[in-house]
Amino acid sequence: TKGYKGDGVICTDADECTDKVQKHTCHADATCTNTVGAFNCTCNEGYNGNGFTCADDDECTDKTHNCHADATCTNNAGSFSCECNTGYSVTRSCASSDATYTFSCQTHGQFSSHPDCQRVQCLAPFHVDHATFTPGVYYYMDSIIYSADDGYTLNAKANGGRSFAITCESDCTYSGRQVFKPVKCGTPPDRAKALHPNIRRTYSQIEPYVCRGGYSVNAQASGAHSF
């Protein structure tokens, strides 16, 4: 009789799950369990069906996945994987390998534990000459304000912009970098009975003046002859 083996006088159960002659007909994605005179087929975790026919569960389409809100689900045979969206990773690094993680359905009917997608951490903010900013740790989409020191603006004009913002990008770098320039004062004014280089100056630069012969700053022979 099918399900047994022997000489007809003595018959023993045939283990279809391991027997190569009376081999089971379970699906490739199912597990065979031997019973007396027969066998059962059960689809593996992540699959559905009657055991003889098994189809993959598409957790992404069925919305049964548990990918993080900032990740995208991709169905795999018997499981699914999650890829963190741009600017996110499970370690906060920008390494592409840290943006993907896979879930496997466990024997207890639940998926394996998973990390969360987090905003990547940018490098330390860069130094900008003649500016101040608030040091700290910055993540994707965070902004940092740089404020100019006295005497500096973005366009070198006294009424020019005195601040700008940079933004932490998805590749862990910053965008929006600018530079501050010293305010232009123009050509120094002439002074009677004095000579000077007459060079256009900017903030903090000095224009030297030298009195002509026979003149001093205080009209005294011993007075200063330059300023």
Side-chain angles (χ1 to χ4, degrees), residues 1-124 137-143 167-175:
T1 302
K2 186 176 181 180
Y4 292 88
K5 60 183 179 180
D7 56 9
V9 176
I10 298 175
C11 294
T12 58
D13 174 54
D15 187 345
E16 295 87 352
C17 298
T18 59
D19 197 298
K20 295 183 178 179
V21 176
Q22 298 191 47
K23 185 174 176 60
H24 70 82
T25 55
C26 294
H27 190 268
D29 293 311
T31 298
C32 177
T33 302
N34 186 60
T35 61
V36 178
F39 61 93
N40 293 324
C41 299
T42 306
C43 292
N44 296 334
E45 299 292 348
Y47 294 85
N48 63 78
N50 59 11
F52 299 97
T53 302
C54 296
D56 173 51
D57 287 326
D58 188 341
E59 296 85 359
C60 300
T61 301
D62 297 340
K63 304 297 183 182
T64 56
H65 68 83
N66 54 351
C67 291
H68 189 265
D70 293 309
T72 300
C73 177
T74 300
N75 187 61
N76 302 319
S79 63
F80 63 95
S81 62
C82 304
E83 182 172 4
C84 295
N85 296 336
T86 300
Y88 294 80
S89 77
V90 297
T91 61
R92 291 194 183 277
S93 80
C94 277
S96 58
S97 59
D98 291 337
T100 302
Y101 51 99
T102 301
F103 288 91
S104 297
C105 187
Q106 306 297 295
T107 56
H108 51 65
Q110 300 295 320
F111 286 103
S112 54
S113 60
H114 65 89
D116 288 333
C117 292
Q118 306 176 81
R119 291 186 297 162
V120 296
Q121 179 180 330
C122 270
L123 303 172
V137 177
Y138 294 93
Y139 303 98
Y140 174 54
M141 296 187 293
D142 282 346
S143 293
T167 302
C168 175
E169 299 294 344
S170 60
D171 61 356
C172 295
T173 62
Y174 295 97
S175 64

Cysteine SG atoms at C32 and C26 closer than 2.5 Å:
no

Hey, is the main chain of L123 close enough, under 3.5 Å, to the side chain of Y174 for a donor-acceptor pair?
yes

Between C172 and C94, is the SG-SG gap under 2.5 Å?
yes

Residues in salt bridge (Lys or Arg N to Asp or Glu O under 4.0 Å) with D142, at least two apart?
R119

Taking side chain as C-beta onward, heavy atoms only, is T72 less than 4.5 Å from C67?
no

What distance separates C84 SG from D116 CG, expressed to the nearest 0.5 Å?
9.0 Å

Min side-chain heavy-atom separation V137-Q121 under 4.5 Å:
yes

Just so I know, are the side chains of C122 and Y139 near enough to count as touching, which here means a heavy-atom distance under 4.5 Å?
no

In Å, rounded to the nearest 0.5 Å, how long is the span from CZ of R92 to CG of D98?
12.5 Å

Partners meeting side-chain contact (heavy atoms from CB on, under 4.5 Å) with H27 (sequence neighbours left out)
D29, A30, C54

Distance, nearest 0.5 Å, that separates CD of Q118 from OH of Y88:
11.0 Å

I'd like to check N75 versus T61 (side-chain heavy atoms, cut-off strictly below 4.5 Å). Are they in contact?
no

Which of D13, D15, D19 passes salt bridge (charged side-chain N to carboxylate O under 4.0 Å, His left out) with K5? Answer is D19

For the residue pair D57 and T64, establish whether any side-chain heavy-atom pair is separated by less than 4.5 Å.
no

For the atom pair CG (N40) and CZ (F52), what is the distance rounded to the nearest 0.5 Å?
7.5 Å

State, with a plain yes or no, whether a side-chain heavy atom of C43 is found less than 4.5 Å away from one of N48.
no

Taking ring pair (Phe, Tyr, Trp, His ring centres under 6.0 Å) as the definition, give me every residue that meets it alongside F39, ordered by chain and number, with sequence neighbours left out.
none

Roughly how far, to the nearest 0.5 Å, is the SG atom of C82 from the NE2 atom of H65?
7.0 Å

